[in-house]
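What follows is a set of notes on a single structure, which appears directly below.
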Amino acid sequence: MKIKEIIVVEGKDDTVAVQRAVQADTIETNGSAINEETIERIKLAKETRGVIILTDPDFPGEKIRKTIAEHVPGCKHAFLPKQSALSKKGKGVGVEYATVEAIRQALEHVYEEAVEWEEEITFNDLLVAGLVGGALAKARRQRLGQLLKIGYTNGKQLHKRLQMFRISKHAFYDALQQVLREEKEND
């Protein structure tokens with residue numbers, strides 16, 4: 001599998017893992033304190049070939065993703081589910097721990113940021129669906145993020161990602177129905 005875009009990852013081990021899974025060039029951020037030189041390289045990459053951001057499914061990875069999206073709008077995003085990125089020793093989470101198949105799946109379900117998009121799913125829709133507040137909200141958001149391939153988020157982030165990646169109301173409700181079905185089956 002050859003990827004045209006340049007994939008932005010956090011470090012050298014992530015580059016090695018990505019290049020085991022696909023043929024691709026990478027830019028490494030070397031942590032969450034992204035310097036101006038790295039931002040400029042990402043801007044150039046976006047203009048010439050396009051960019052896919054693939055960061056660790058943890059707080060620092062989200063911080064890096066947000067920083068890049070803020071400075072380089074219109075990037076594409078790929079998400080690894082947290083359970084696919086856990087180290088075998090149980091300590092640590094990251095792209096470097098993901099299997100070849102998990103990385104390929106993440107890169108097959110890439111989302112492009114929408115610069116302007118009419119809101120289809122309101123924050124109230126999330127409240128009514130039990131995705132914000134309540135005992136099951138976190139588990140529901142986690143499963144919904146897996147099904148929609150947008151990663152785990154808190155309630156506000158979920159609302160923003162649904163808009164940013166132009167998730168249709170239909171796709172949202174289909175995924176939500178599956179989450180609710182699975183909940184009933186597991187009761």
Side-chain angles (χ1 to χ4, degrees), residues 1-115 138 141-158 160-162 164-165 167:
M1 184 174 169
K2 186 168 175 61
I3 306 293
K4 172 188 73 112
E5 297 90 349
I6 295 174
I7 301 173
V8 176
V9 295
E10 293 180 45
K12 288 182 183 4
D13 292 338
D14 297 338
T15 290
V16 170
V18 166
Q19 290 177 346
R20 267 196 318 261
V22 296
Q23 287 182 302
D25 295 316
T26 62
I27 294 174
E28 297 161 4
T29 65
N30 297 312
S32 57
I34 304 172
N35 62 34
E36 191 58 39
E37 181 183 326
T38 302
I39 291 292
E40 290 305 315
R41 285 182 30 228
I42 295 169
K43 283 180 182 175
L44 178 61
K46 184 186 173 290
E47 289 171 19
T48 57
R49 290 178 50 195
V51 167
I52 299 172
I53 303 170
L54 178 64
T55 55
D56 298 347
D58 59 8
F59 180 78
E62 280 302 309
K63 184 174 185 262
I64 293 166
R65 187 182 295 278
K66 284 179 188 173
T67 300
I68 295 168
E70 186 178 300
H71 289 87
V72 190
C75 290
K76 294 179 181 178
H77 295 259
F79 297 91
L80 275 169
K82 193 168 192 171
Q83 68 273 17
S84 296
L86 294 172
S87 101
K88 290 188 181 16
K89 296 176 183 167
K91 298 223 183 216
V93 61
V95 172
E96 74 257 34
Y97 303 121
T99 64
V100 165
E101 185 55 36
I103 292 170
R104 285 180 183 161
Q105 277 193 335
L107 292 170
E108 286 172 5
H109 296 93
V110 169
Y111 285 97
E112 191 166 350
E113 284 180 47
V115 179
K138 181 178 179 179
R141 285 192 312 271
Q142 191 167 17
R143 184 65 181 130
L144 188 78
Q146 289 173 339
L147 293 170
L148 293 174
K149 310 279 192 238
I150 61 171
Y152 171 73
T153 59
N154 66 30
K156 278 175 91 173
Q157 289 172 330
L158 175 60
K160 185 175 179 182
R161 279 198 190 159
L162 292 169
M164 183 168 59
F165 300 127
I167 304 295

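Nothing here was measured: the structure is a model prediction, and the numbers come from that model.
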**Message:** Atom NZ of residue position Lys63 - does it have more than 12 heavy atoms of other residues, nucleotides or ligands inside 6.0 Å?
**Reply:** no
Distance (rounded to the nearest 0.5 Å) between [X] [atom1] and [Y] [atom2]:
| X | Y | atom1 | atom2 | value |
| --- | --- | --- | --- | --- |
| Ile42 | Ile53 | CD1 | CD1 | 7.0 Å |
| Ser87 | Glu96 | OG | CD | 8.5 Å |
| Thr67 | Ile34 | OG1 | CD1 | 5.0 Å |
| Glu108 | Ile103 | CD | CD1 | 12.0 Å |
| Glu10 | Ile27 | CD | CD1 | 14.0 Å |
| Arg41 | Leu44 | CZ | CG | 9.5 Å |

**Item:** side-chain contact (heavy atoms from CB on, under 4.5 Å) between Leu158 and Leu162, worked out
**Value:** CA-CA 6 Å; Leu158 175 60; Leu162 292 169; 4.0 Å; yes
**Complete:** In short, ring-ring contact (aromatic ring centres under 6.0 Å, His included) pairs touching residues 45-82 with sequence neighbours left out are His77-Phe165, Phe79-Phe165
Can you find a pair of side-chain heavy atoms, one from [X] and one from [Y], that are under 4.5 Å apart?
| X | Y | value |
| --- | --- | --- |
| Asp56 | Asp14 | yes |
| Thr55 | Val9 | no |
| Ile150 | Tyr111 | yes |
| Val93 | Pro57 | yes |

**Prompt:** Where is the tightest heavy-atom contact between Ser32 and Pro60, given as atom of each residue plus distance?
**Reply:** CB-O, 4.3 Å
**Item:** Closest heavy-atom pair and its distance - Ala106, Leu54
**Value:** CB-CD1, 4.4 Å
**Request:** Begin from the C-alpha positions of Thr38 and Ile68 and carry the test side-chain contact (heavy atoms from CB on, under 4.5 Å) through to its verdict.
**Result:** CA-CA 10 Å; Thr38 302; Ile68 295 168; over 6 Å; no
**Prompt:** salt bridge (Lys or Arg N to Asp or Glu O under 4.0 Å): which pairs involve residues 65-76, sequence neighbours left out?
**Reply:** Glu5-Lys76, Glu62-Arg65
Identify, with sequence neighbours excluded, every residue that meets side chain to side chain donor-acceptor pair (under 3.5 Å) alongside [X].
| X | result |
| --- | --- |
| Arg141 | Tyr152 |
| Lys46 | none |
| Arg49 | Asp25 |

Less than 3.5 Å apart, which donor and acceptor atoms pair up between the side chains of residues 15-23 and the rest of the protein, not counting sequence neighbours?
{"residue": "Thr15", "atom": "OG1", "partner": "Thr26", "partner atom": "OG1", "Å": "2.8"}
{"residue": "Thr15", "atom": "OG1", "partner": "Glu28", "partner atom": "OE2", "Å": "2.6"}
{"residue": "Gln19", "atom": "NE2", "partner": "Ala24", "partner atom": "O", "Å": "3.1"}

